[in-house]
Amino acid sequence: MIRPTLPRLISLIALGSLALTACNTASVVPAVALDAPAESQTVTGTELAFSGLQPQIVYGTVTSVSTRPYQVSVTPSSSLAGGWCGGVLISKDWVLTAAHCVEGQSTASMRVRAGINDLTTSSGQLKSASRIILYPGRSASSDAYDIALIKVSSAFVLGSTVQPAALPGNAAESVLDVNGKSATVSGWGKTETGASSPRALREVTIPITPTGSDCGTRPGNTICGKYSAGRDSCNGDSGGPLAAPYNGKMYVLGVVSYGPVECRGYGVYTRVNGYINWIAQQTGIAAQ
């Protein structure tokens, strides 16, 4: 049975239920039963709501911002403790995320939090947005061009738990983003179980490919997260980093975009190298 795919964005709703923003493409993966619908609140786009879903990476492990210091939370101010999307720090004042995380949002409403392991904590560094830039041609009715930039209102203080990831130039891309390689995705998105637990940052390493049909028909400039024992990113991980090490640096190869509703593999990631010139034009940050 074919099920629709979903952007991997999430917002907290009544009684701990989770709202999932729907997408218009189809999955090639057999469906897995989800929990029954629950009451939802309004967010941008069509919604499907499910209860009892634990909001973290699927079949991953708990990690920390000491290991992933480039990981940030991108959230409307009304949902700070519940999460919404992830993002990746690319300098002390610029964040890369998915376009569908910020479409319809104002700079006044959005917040970026860095240096946190648990979404419920008040620690870390919290910043408001001064600019939100979507890639030209982005449409909410399409999965294409799912990338955006946020400039924070004041610079993050860099340290052991807050550090930018490197942007991949062609040399790093040619080594890291090839069939047969793996990369690590992290975030506070849905997991494989419904059990309650602290909203800890988690990560999972998956095989990737920039080519092939593993993830079905997909937009250009995307990376496919190939199937590997059901490991995947999921709703709530949108905009977060798909990263890999090279020459002593962590490179952000992609940002979480969308995937099958079951979140058991075949997630799609916006390929950062495909937008490297646009990022440099907007931010002044060059590939490394």
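For R113 against S123, the heavy-atom pair with the smallest separation is NH2-O, 3.7 Å. Scanning both residues, G87 and P241, for their nearest heavy atoms gives O-CD, 3.8 Å. Closest approach of V102 and A148 over heavy atoms only: CG2-CB, 3.8 Å. Summarising the geometry of G225 relative to C215, their closest heavy-atom pair is N-SG, 3.8 Å, with the distance given to 0.1 Å. Contact between A244 and S182 at its shortest, heavy atoms only, is CB-O, 4.1 Å. Heavy-atom minimum distance, S238 versus S257: OG-O, 3.8 Å.
Cluster membership check: I133 shares its hydrophobic cluster with I276, using side-chain heavy-atom separations under 4.5 Å among Ile, Leu, Val, Met, Phe, Trp and Tyr. Under a hydrophobic clustering in which Ile, Leu, Val, Met, Phe, Trp and Tyr are joined whenever their side-chain heavy atoms come within less than 4.5 Å, directly or via other members, V255 and Y266 fall into different clusters. Under the 4.5 Å side-chain contact rule for hydrophobic residues, F156 and I90 do not share a cluster. V112 and L96 sit in two unconnected hydrophobic clusters of ILVMFWY residues. Membership requires side-chain heavy atoms under 4.5 Å apart, directly or through other members. Placement of Y246 and V252 in two distinct hydrophobic clusters is found when ILVMFWY residues are connected by side-chain heavy-atom separations under 4.5 Å, directly or transitively.
Judged by distance alone, the side chain of S174 and the main-chain N or O of A171 form a donor-acceptor pair under 3.5 Å. For S213 (side chain) and G216 (main-chain N/O), no donor-acceptor pair under 3.5 Å exists by modelled atom type. Checking side-chain atoms of S130 against main-chain N and O of K151 turns up a donor-acceptor pair under 3.5 Å. W188 contributes a side-chain N or O that, together with a main-chain N or O of N117, makes up a donor-acceptor pair within less than 3.5 Å. With hydrogens and angles disregarded, no donor-acceptor distance shorter than 3.5 Å links the side chain of R202 to the backbone of S64. Not a single donor-acceptor pair under 3.5 Å links the side chain of R264 to the backbone N or O of V261. Proximity of a side-chain donor or acceptor of Q105 to a complementary backbone N or O of C101 within less than 3.5 Å is not detected. In this structure a side-chain-to-backbone donor-acceptor pair under 3.5 Å is present from D146 to A99. Between the side chain of Q288 and the main chain of G169, no donor-acceptor pair closer than 3.5 Å is present. Panel note: side chain Y269, backbone Y258; no donor-acceptor pair is recorded below 3.5 Å.
In this structure, T283 OG1 and I150 CD1 are separated by 13.5 Å, a value rounded to the nearest 0.5 Å. For the atom pair R218 CZ and D214 CG, the distance stands at 8.0 Å (nearest 0.5 Å). Note: L253 CG to N273 CG = 9.0 Å, rounded to the nearest 0.5 Å. Note that CG of L176 is 7.0 Å distant from NZ of K181, once rounded to the nearest 0.5 Å. The distance from the CG atom of D143 to the NE2 atom of H100 is 9.0 Å, given to the nearest 0.5 Å. The CG atom of L126 lies 9.0 Å from the CD1 atom of I116; values are rounded to the nearest 0.5 Å.
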I would like to know whether S186 and Q71 meet side chain to side chain donor-acceptor pair (under 3.5 Å); could you show each step before the answer? CA-CA 7 Å; S186 51; Q71 173 81 50; 2.6 Å; yes
Could you walk me through whether T270 and V272 satisfy the side-chain contact (heavy atoms from CB on, under 4.5 Å) test, starting with their C-alpha distance in whole Å, then the side-chain angles of each, then the deciding distance to 0.1 Å, before giving a yes or no? CA-CA 6 Å; T270 304; V272 172; over 6 Å; no
Please determine whether side-chain contact (heavy atoms from CB on, under 4.5 Å) holds for the pair E103 and L134, giving the CA-CA distance in whole Å, both sets of side-chain angles, and the decisive distance to 0.1 Å. CA-CA 8 Å; E103 283 169 326; L134 275 64; 3.4 Å; yes
Could you go step by step and tell me if L201 and V65 meet the side-chain contact (heavy atoms from CB on, under 4.5 Å) rule? CA-CA 8 Å; L201 180 65; V65 287; 3.9 Å; yes
Between T67 and E203, does a side-chain contact (heavy atoms from CB on, under 4.5 Å) hold up when you go through it step by step? CA-CA 10 Å; T67 302; E203 67 176 56; 4.1 Å; yes
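Under the 4.5 Å side-chain criterion, counting only non-hydrogen atoms from C-beta, D93 is not in contact with K127. The shortest side-chain heavy-atom distance between T205 and V185 does not fall under the 4.5 Å cut-off. V74 places a side-chain heavy atom less than 4.5 Å from the side chain of M110. A heavy-atom distance below 4.5 Å is found between the side chains of N221 and Y275. Inter-residue side-chain proximity for I223 and L242 is flagged as met; some heavy-atom pair is nearer than 4.5 Å. In this structure, D177 and R271 have side chains that are in contact, with non-hydrogen atoms separated by less than 4.5 Å. Looking at heavy atoms from C-beta onward, P164 lies in side-chain contact with L158 at the 4.5 angstrom threshold. You'll find the side chain of W94 stays beyond 4.5 Å of the side chain of L89, heavy atoms only.
For the residue pair S160 and S66, no side-chain donor N or O sits within less than 3.5 Å of a side-chain acceptor on the partner. The closest side-chain donor-acceptor pair between Y145 and S139, if any, does not fall under 3.5 angstrom. Side-chain contact check for Y70 and R68: at least one donor-acceptor pair (N or O, by modelled atom type) lies under 3.5 Å. Between the side chains of S153 and S128, at least one donor-acceptor pair of N or O atoms lies under 3.5 Å.
The aromatic rings of W278 and Y135 stand perpendicular to each other, their planes meeting at an angle above 60°, with 30° marking the opposite boundary.
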